[in-house]
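A note on names: the letters A, B, ... follow the listed sequences, proteins ahead of strands, and every chain is numbered from 1.
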Amino acid sequence: MPARPVRRLRRAQLPADTVALARYLIGKTLVRDGPEGRTSARIVETEAYLVGDAACHAFRGPTPRNRSLFLARGHAYVYLIYGVSFMLNVSSETVGIGAGVLLRAAEPLDGLDLMAARRGPTADTARPAELARGPGRLAGAFGIDRTWDGLDLCADGPLWLGGAVAATGPIGASVRIGLTVETERVLRFYERGNPAVSGPKRLRV
DNA sequence: GTATGGATGTTCT
DNA sequence: GAACATCCATACT
C-alpha cells in the first residue's frame, strides 16, 4: 500500500476559533512518519474545549500538565486519562490562551499493520475502522504518549496534520462524551455515518 | 446493538 | 484522597 500524497497544513490555515478548528479538522489527516514507515488516518471525530469551559483542562490556569494548551494553535497536548489511555489534543488559540481540540477518532489510511502492532493484542485486526475508533485507541494506533506533549504539529516534524484526501461527508454535532461537567454544550463534531466514529449509535448518525 | 463494573496512574486539592 | 475528555470483558435485549 503506497503512502497517499498529503500536504501539510500550515498554522495560518488553521481557523483561529476553537469550535471552527474542531469542525475544520473533520476529514483532514493525521500523519506520523518514522523509521518503521508511515501511519496516517482521516480524522472523523473531534471535541472542542473552550476558554471559560469548566471541562477544559486549562480552565483553572496553566499547570505543568496542561501548559501545552497555552501554546500557539497547532501544538500537541497529550495527557494520560484513568491511568490507562493517552489523549491527543491540538491547541487552538494564540500563545497564552488555553484551549484545544481533542482528536477522538480517525479512519486508518496507511500503515494499518503498524497501527495494529502498536495497539497490541486487543486490537481488532479484522476491522480496520476499530483501530483508531476512540481517543485512547487513536493515540495508541499512532504510538502517542506524554513524550509527544508540546510537539508542533505544523512544523516539519514526525507527527503532523495534513489536508483532506477525499471529500468530507456531512458533519454532525452532539454533546461531548464522558464528561461530568458542562454536559449540555454541543461541542462534539463527527462525520455522519462513518464507521470509525466512536460512541453510541445515536451519536454517530 | 446497549449497560455495567473494574483496572489503572497521574494530577491537584 | 478524590477525580478523571477510557477501554475491555462480560452480561443481557
Side-chain angles (χ1 to χ4, degrees), chain A residues 18-19 21-23 25-26 30 41 43-71 73 75-93 97-108 115-150 153 172-190 192-205:
Chain A
T18 300
V19 174
L21 179 64
R23 296 186 61 108
L25 288 177
I26 301 296
L30 178 68
I43 297 164
V44 297
E45 182 183 353
T46 63
E47 284 178 355
Y49 288 86
L50 312 180
V51 172
D53 171 5
C56 180
H57 284 188
F59 184 63
R60 293 175 196 283
T63 68
R65 174 174 76 156
N66 70 19
R67 67 197 155 96
S68 296
L69 280 176
F70 295 81
L71 298 174
R73 71 175 173 273
H75 285 77
Y77 165 52
V78 181
Y79 69 94
L80 181 66
I81 188 66
Y82 296 118
V84 173
S85 304
F86 291 99
M87 305 278 111
L88 173 61
N89 300 253
V90 181
S91 69
S92 57
E93 297 286 338
I97 307 230
V101 173
L102 170 66
L103 303 186
R104 281 197 59 92
E107 173 188 350
M115 290 186 187
R118 290 187 185 125
R119 286 282 319 284
T122 63
D124 184 350
T125 54
R127 298 173 188 270
E130 294 291 323
L131 284 173
R133 178 172 181 259
R137 290 172 173 184
L138 186 156
F142 279 85
I144 304 299
D145 61 26
R146 269 233 96 195
T147 64
W148 296 75
D149 182 58
L153 302 178
S174 81
V175 296
R176 295 171 293 186
I177 292 179
L179 299 185
T180 58
V181 295
E182 303 276 15
T183 55
E184 306 299 311
R185 293 201 197 206
V186 176
L187 291 172
R188 171 178 173 267
F189 304 98
Y190 58 95
R192 284 198 162 145
N194 190 301
V197 173
S198 74
K201 190 174 189 176
R202 71 177 195 283
L203 297 186
R204 283 184 267 141
V205 293

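Residue-environment remark: CZ (R146(A)) exceeds the threshold of 12 foreign heavy atoms within 6.0 Å. More than 12 heavy atoms of other residues, nucleotides or ligands lie within 6.0 Å of CZ in R185(A), so this atom counts as buried by the packing criterion.
For dA3(C), the base has no donor-acceptor partner in the side chain of Y82(A) [N/O atoms by modelled type, under 3.5 angstrom].
Atoms CZ (F189(A)) and P (dA5(C)) sit 19 Å apart, rounded to a whole Å. We find that CZ of F59(A) is positioned 13 Å from P of dC4(C), with the value rounded to whole Å. Between the OH atom of Y49(A) and the C1' atom of dC4(C) there is a distance of 12 Å, given to the nearest Å.
Applying side chain to side chain donor-acceptor pair (under 3.5 Å) to S198(A) and the options R137(A), R204(A), E45(A) leaves one that passes, E45(A).
Here the CD atom belonging to E93(A) is positioned 9.0 Å from the CG atom belonging to L21(A), to the nearest 0.5 angstrom. Separation of atoms CH2 (W148(A)) and NE2 (H75(A)) is listed at 14.5 Å; rounding is to 0.5 Å.
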Under-3.5 Å N/O pairs linking protein and nucleotides 1-6 of chain B:
| residue | atom | partner | partner atom | Å |
| --- | --- | --- | --- | --- |
| dT2(B) | OP1 | K201(A) | N | 3.1 |

Can you give me the N/O atom pairs linking the protein to nucleotides 10-13 of chain B at distances under 3.5 Å, or say none if there are none?
| residue | atom | partner | partner atom | Å |
| --- | --- | --- | --- | --- |
| dC12(B) | OP1 | T63(A) | OG1 | 2.2 |

Exercise for review: Please report the C-alpha distance between L103(A) and T46(A) in whole Å, then the side-chain angles of each, then the deciding distance to 0.1 Å, and finally whether the side chain to side chain contact (heavy atoms under 4.5 Å, CB included) criterion is met.
Suggested key: CA-CA 5 Å; L103(A) 303 186; T46(A) 63; 4.1 Å; yes

Exercise for review: Any chance you could lay out the side chain to side chain contact (heavy atoms under 4.5 Å, CB included) test for V175(A) and T183(A), step after step, and finish with the verdict?
Suggested key: CA-CA 7 Å; V175(A) 296; T183(A) 55; over 6 Å; no

Point to revise | Evaluation steps, side chain to side chain contact (heavy atoms under 4.5 Å, CB included), between D53(A) and T18(A) | key: CA-CA 12 Å; D53(A) 171 5; T18(A) 300; over 6 Å; no

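Listed pair T180(A) / dA3(C) fails the phosphate criterion, with no side-chain N or O lying under 4.0 Å from OP1 or OP2.
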**Study point:** Watson-Crick and G-U pairing of DNA chain B, under 3.5 Å, as dot-bracket with | and [ ]
**Key:** |||||||.||||.

**Study point:** Heavy-atom protein contacts under 4.0 Å, nucleotides 7-13 of chain C, coded B base, S sugar-phosphate only, - none
**Key:** SS-----

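Cation-pi geometry between R65(A) and Y79(A) is satisfied (NZ or CZ under 6.0 Å from the ring centre, within 45° of the ring normal).
You'll find the side chain of L187(A) stays beyond 4.5 Å of the side chain of Y49(A), heavy atoms only.
For A117(A), there are no side chain to side chain contact (heavy atoms under 4.5 Å, CB included) partners two or more places apart in sequence or in a different chain. Take A139(A) and apply the side chain to side chain contact (heavy atoms under 4.5 Å, CB included) test, not counting sequence neighbours, and it matches F86(A), I144(A).
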